[in-house]
Structures are given as C-alpha cells and as structure tokens.
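Some notes on the structure that comes next.
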Amino acid sequence: MVVLDGTIVNIALPAAQRDLGFSDGNRQWVVTAYALAFGGLLLFGGRIADLWGRKRAFTVGVIGFAVASALGGAAVDNSMLLGARALQGAFGALLAPAALSLITVMFPEPKERAKALGIYGAIAGAGSSAAALAMVFKLVESAQARWRAITGAHLVPLVRAGARFENGILVERSEVAA
C-alpha cells in the first residue's frame, strides 16, 4: 500500500493539477511532501511501534493512511493536497516498520522468516514496477475514474483491517470479545 501509492499518485497527478490549478513547479511537491514525511519519520515510526505495540501501530498506520488518502481525494486546493500527502507519508512511516516487525515476530524460524520477507519484498517491488504501473493505468483508463476516486483507493485496506473502536479507543482484533 505504501509503495503502490507513489504509482497511483503519479498517474493521477496531471488530472489533479488541472482540477486544482497548481503550477508545474508545485506539482513536484505532491510527491516530495510524501517522501519527506515518510523518510523523516521512518525511524520514529519504528520506535512508536515498539512503545505502542506492533499490531496497534500497524492498525493506526493503516487507518491514518486511509483517512489521509480520503483527505487527498477531497482536496479543494494545492495546500490541502500537500497536507494530505504529508499525512500519508507520516502514517506510512508508522505502517512500514510495524509491518516488517510483525513479519519477523510471526515467523520465528529463519527459513520461514526469509521466505516471508522475500514475499514482502517482492510485493513491495511489484508496487513500484512497470507492470504495476501498467495495471493501475489500465484500471484508471477503463474505469474512467477521476483522480479523487483513485487517491481514495487506500480505503479498502481500512475495511479489511477490521479495525474497531469502543468508546473512542482503538481495540485490536485479538482484544475484541466474540
């Protein structure tokens, strides 16, 4: 989700620029706002995952990333879009280390862990590959979707995460009573 976002945004960027009326010079900041927040907060996101717990950090990262994606899709000007992209980067920086740490804990055997990390790397690589770019482009082209709908595509994992709130507090799936 974190890597595929770059592909989605690069495809949607010309349409977003037309709709929001920002300059070519400001267009690069849509990508840069995400990259700066993500890169700058990645170590901090790992530390938060250590303090909060891996599952909780992962869930908060997925929810935050999805909400930031929705904000980006609802942007009415360049500033709102840039703010949403920076938020996506911040929540991505929480999500990525939590996901990797979950993999290392879920697969304690070295051979299994190596296989799981290999699959993770392959999926992450596919998110930025030319094949993924072509698939996303075809999806956008065939659906004739607007950029606002495309940038909100990250809402699906939010539903899949099964996140649940009780009294305004995030409850992990394992804590939810049957």
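One-based numbering along the sequence shown.
Pairs passing the salt bridge (Lys or Arg N to Asp or Glu O under 4.0 Å) check and including a residue from residues 32-50, sequence neighbours excluded, do not occur. Listed by first and then second residue, the side chain to side chain donor-acceptor pair (under 3.5 Å) pairs involving residues 71-86 are Asp5-Arg85, Arg85-Gln88 (not counting sequence neighbours).
Atom CD1 in Ile48 sits 11.5 Å away from atom CG in Leu43 (nearest 0.5 Å).
Looking at Asn26 and Gln17, their side chains never bring a donor and an acceptor atom within 3.5 Å of each other.
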Please report, to 0.1 Å, the donor-acceptor pairs under 3.5 Å made by any side chain of residues 60-67, with sequence neighbours excluded.
none

Sequence neighbours excluded and cut-off under 3.5 Å, please list the side-chain donor-acceptor pairs for residues 105-121, or say none.
unit_1: Arg113; atom_1: NE; unit_2: Thr104; atom_2: O; d: 3.4
unit_1: Arg113; atom_1: NE; unit_2: Phe107; atom_2: O; d: 3.1
unit_1: Arg113; atom_1: NH2; unit_2: Pro108; atom_2: O; d: 3.2

Atom pairs and distances, side-chain donor-acceptor, residues 92-100, under 3.5 Å, sequence neighbours left out:
none

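The nearest pair of heavy atoms linking Ala33 to Leu82 is CB-O, 3.8 Å. Here the shortest heavy-atom pairing between Ser101 and Arg54 reads OG-CG, 3.2 Å. Minimum heavy-atom separation, Ala86 to Ala37: O-CB, 3.3 Å.
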Open item on the list: Run Leu81 and Trp29 through side chain to side chain contact (heavy atoms under 4.5 Å, CB included) and show every step you take.
Closed with: CA-CA 10 Å; Leu81 181 60; Trp29 282 104; over 6 Å; no
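Among residues two or more places apart in sequence or in another chain, the side-chain hydrogen bond (donor to acceptor under 3.5 Å, both in side chains) test is passed with Gln28 by Thr32.
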